[in-house]
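Notes for the one structure printed next.
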Number of protein chains: 2
Amino acid sequence: MSPTAQRPDALHPGAGGRATARPTLEEVAALAGVGRGTVSRVINGSPRVSAKAREAVQTAIAELGYVPNRAARTLVTSRTDSIALVVPEAETRLFSEPYFSDIISGVSAELAETDMQLLLILVRNQRERDRLSAYLTAQRVDGVLVVSVHRDDPLPGLLESLEIPSVLAGRRGDLEPLSYVHADNAGGARMAVRHLLRRGCTRVATLTGPLDMEVAQARLGGYRRALEEAGHAYDEDLVGLADFTEEGGRVAMRELLARKPELDGVFCASDVMAAGAMQVLRAAGRRIPDDVAVIGFDDSIVARHTDPPMTSVRQPIEEMGRTMARLLLDEIHERGRARRQVVLATELIVRDSA
Amino acid sequence: MSPTAQRPDALHPGAGGRATARPTLEEVAALAGVGRGTVSRVINGSPRVSAKAREAVQTAIAELGYVPNRAARTLVTSRTDSIALVVPEAETRLFSEPYFSDIISGVSAELAETDMQLLLILVRNQRERDRLSAYLTAQRVDGVLVVSVHRDDPLPGLLESLEIPSVLAGRRGDLEPLSYVHADNAGGARMAVRHLLRRGCTRVATLTGPLDMEVAQARLGGYRRALEEAGHAYDEDLVGLADFTEEGGRVAMRELLARKPELDGVFCASDVMAAGAMQVLRAAGRRIPDDVAVIGFDDSIVARHTDPPMTSVRQPIEEMGRTMARLLLDEIHERGRARRQVVLATELIVRDSA
DNA sequence: CTACAGTGTGGGAGCGCTCCCACAGCTGGG
DNA sequence: CCCAGCTGTGGGAGCGCTCCCACACTGTAG
């Protein structure tokens with residue numbers, strides 16, 4: 001454990017303190033022998049610059065290690081070159097675990113090419129929600145990405161009326177006016193239920209998320225659709241209302257089991273609910289998948305570690321993040337216009353629980 | 001340049017369309033009947049303002065809905081009122097799953113009181129690392145939080161020489177010159193191993209993380225210490241070198257089993273490694289915990305869902321995030337001064353695997 | 001020859017703040 | 001009485017950019 005090799009240079013604040021005075025555009029202009037305007041044009045890629053002026057400027061920039069001052073630019077353009085990713089903290093707990101990081105990772109990957117900054121804003125209570133409103137009203141970001149939307153969330157409405165470019169992960173309902181990206185929840189659910197039916201299940205139940213979220217509705221819709229396509233009547237007793245959490249999954253599963261002991265398959269709208277359900281089923285002496293087959297949704301790490309490993313619907317979360325960022329950048333640069341929607345395909349990952 | 005976005009002059013020319021033209025400090029001053037200087041003093045909490053002037057200004061601010069323009073302030077103070085959280089993307093995969101979100105959540109909670117912004121910077125390759133260096137050199141944040149540090153990571157050295165306030169999660173080694181926060185890894189490991197010994201294990205093995213990370217070293221150290229305290233000789237054959245990943249855990253466990261079939265306990269330096277190890281053990285016909293007791297580290301969701309549920313060492317990750325933010329704010333405001341270190345206690349969560 | 005469009009360029013103005021200097025009013029000591 | 005020494009205050013200067021106008025210079029048409 002030797003002392004790590006440090007650059008010797010900064011341990012003594014005395015001598016080498018040249019780093020302080022950052023070169024300005026003016027200095028670049030002087031060194032290149034041109035005016036400020038020309039340097040600015042070069043930096044911003046204007047075509048109205050002669051080849052030799054451009055080259056002189058680029059050389060000077062390199063030599064001085066010049067980096068434009070963002071604040072100065074923002075002050076005059078009132079662009080901030082940054083976007084905010086807004087995450088309601090309450091929701092954070094509901095997410096399939098890598099969800100949050102994967103979204104971030106996708107967004108950040110897409111932004112890496114740009115010189116946009118990513119601001120992270122967690123909102124955990126009303127006070128912070130108000131602060132956020134003030135913040136956004138004050139035009140301090142060029143665009144907003146919102147993760148997780150409840151039907152009655154006031155934020156999207158605010159964004160809409162402020163006309164700030166924004167993209168949602170998920171949507172509030174069918175007629176969402178803002179741009180959004182989401183996974184094909186209905187399709188994934190349908191796929192899962194068809195898989196159960198094909199396996200021979202005849203009494204397929206479902207555990208839903210909170211029905212004021214469109215995701216939950218969509219997954220329930222897919223469940224219903226698959227059953228109807230297969231000629232099964234939709235039976236309300238087979239629907240367990242839950243909330244995406246493990247404990248919620250346990251409770252709902254117990255009720256379901258009491259109400260419909262003959263069920264032989266469960267499609268759960270989240271992996272953690274499925275994990276809870278599996279515990280309850282096992283406690284009730286049901287073997288998985290022999291007596292009851294179980295499918296989750298999200299394909300989170302939890303799915304890989306349950307016993308037996310869980311079959312689950314995977315959504316391309318990182319890709320969602322990328323797409324959100326891409327749509328947002330488009331919207332920022334193309335001066336608004338059309339709202340866009342993207343639906344990404346889901347995929348059934350078959351393991352042993354079904 | 002294309003016809004750049006000008007502020008549209010009003011959303012709806014009629015009723016409420018005042019939102020567009022953001023009021024400036026000058027307008028506040030005019031309305032309050034004072035000079036710009038006084039308004040600025042009020043906003044920045046200077047004591048040198050008479051009570052009545054202060055009140056007049058506050059009223060005016062409220063009436064106009066004034067919010068200071070950050071860019072203008074940054075331009076003159078060269079404070080940015082933002083800090084960056086830097087996450088090497090490669091590491092992101094190694095983390096116990098809620099790690100990342102919990103750190104963010106803690107940092108963000110602590111920042112909520114302030115009006116500091118949180119910038120998130122993922123670094124996934126050399127190019128982005130270089131960009132980051134340029135970025136930081138250009139002084140575009142007031143402070144930096146760094147998650148996950150390898151012994152040879154160049155970033156901390158850069159931060160040190162730039163003299164940017166910064167706080168690490170973890171440290172590079174014993175003589176880390178930067179401020180840092182970390183969990184009591186050694187203590188947690190020691191606790192875990194003592195638990196195994198108390199249970200009656202006599203051949204306790206361990207699965208380590210990559211040894212160029214101080215975390216891994218510390219956990220190994222705790223393991224070793226507990227054994228020595230109990231009078232057991234340290235046996236290298238009982239040490240499986242791995243990398244924090246599930247697959248790494250599997251491989252190392254297999255080797256360990258081949259080398260020391262008589263082992264009856266395993267302390268794993270991460271939950272996912274432990275999960276992998278448990279699969280291998282079960283496949284080898286060992287019952288958990290009867291034949292081999294297993295303990296993980298992190299107390300991630302994985303631990304709660306393995307079969308049997310895993311005993312694991314919990315580290316207060318959110319609290320680490322909070323503490324990091326707090327230290328960083330101190331360092332920013334007190335302009336340098338002492339580097340600080342905080343070690344947070346770990347806790348053994350006993351479940352069924354040991 | 002003049003006229004006139006089209007390039008490329010320099011540099012003034014000004015974005016909204018903070019900093020700081022000057023100065024007005026008020027003590028109170030000499 | 002004056003002159004320090006306070007407090008509280010107004011407003012000029014200037015942070016580093018972009019925007020845009022004015023001004024060379026071309027070249028081509030009249």
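Per chain, numbering begins at 1; letters A, B, ... match sequence-line order.
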Testing the 3.5 Å rule here: is there a donor-acceptor pair between the side chains of Glu331(B) and Ser179(B)? yes
Which residue lies toward the 5' end of DNA chain D, Ala53(B) or Val67(A), if each is placed at its nearest nucleotide? Ala53(B)
Does Arg131(B) pair with Glu113(A) as a salt bridge, N-O distance under 4.0 Å? no
Closest listed nucleotide, where the reference is the side chain of Val49(A) and the choices are dG16(C), dC17(D), dT9(C): dT9(C)
Distance col, row Leu122(A):CG vs Phe100(A):CZ, nearest 0.5 angstrom, shows 5.0 Å
Taking CG from Leu75(B) and P from dA13(D), how many angstroms apart are they, rounded to a whole number? 18 Å
For Arg326(B), is there an ion pair with Glu319(B) - N to carboxylate O distance below 4.0 angstrom? yes
Below 4.0 Å: OP1/OP2 of dT9(C) and any side-chain N or O of Ser50(A): yes
Euclidean distance, atom CG of residue Asn69(B) to atom P of dG14(C) [Å, nearest integer]: 18 Å
dG16(D), dT18(C), dG16(C): which one has an atom nearest the side-chain heavy atoms of Thr24(A)? dG16(D)
Can you measure Arg48(A) atom CZ to dC21(D) atom C1' for me and round it to whole angstrom units? 15 Å
Residues in contact with DNA chain C, drawn from residues 26-42 of chain B - heavy-atom cutoff 4.0 Å: Arg36(B), Ser40(B), Arg41(B)
Give a yes or no on whether Glu55(B) atom CD has more than 12 heavy-atom contacts from other residues, nucleotides or ligands under 6.0 Å away. no
Find the distance Arg54(A):CZ to dT9(C):P and express it as a whole number of Å. 9 Å
Between CZ of Arg79(A) and P of dC19(D) the distance, given in whole Å, is 7 Å
I'd like to know if the side chain of Thr137(B) reaches the main chain of Ser133(B), judged simply by a donor and an acceptor atom lying under 3.5 Å from each other, with no hydrogens or angles considered. yes
Is the closest basic N to carboxylate O distance between Glu176(A) and Arg340(A) below 4.0 Å? no
Rounding to an integer number of Å, can you tell me how far Arg70(B) CZ sits from dG16(D) P? 20 Å
What is the distance, to the nearest angstrom, from the NZ atom on Lys52(B) to the C1' atom on dG8(D)? 10 Å
Could you give the CG-to-P distance, from Asp115(B) to dC17(C), as a whole number of Å? 14 Å
Listed nucleotide nearest any side-chain atom of Asn44(A), set dG16(D), dT18(D), dT18(C): dT18(D)
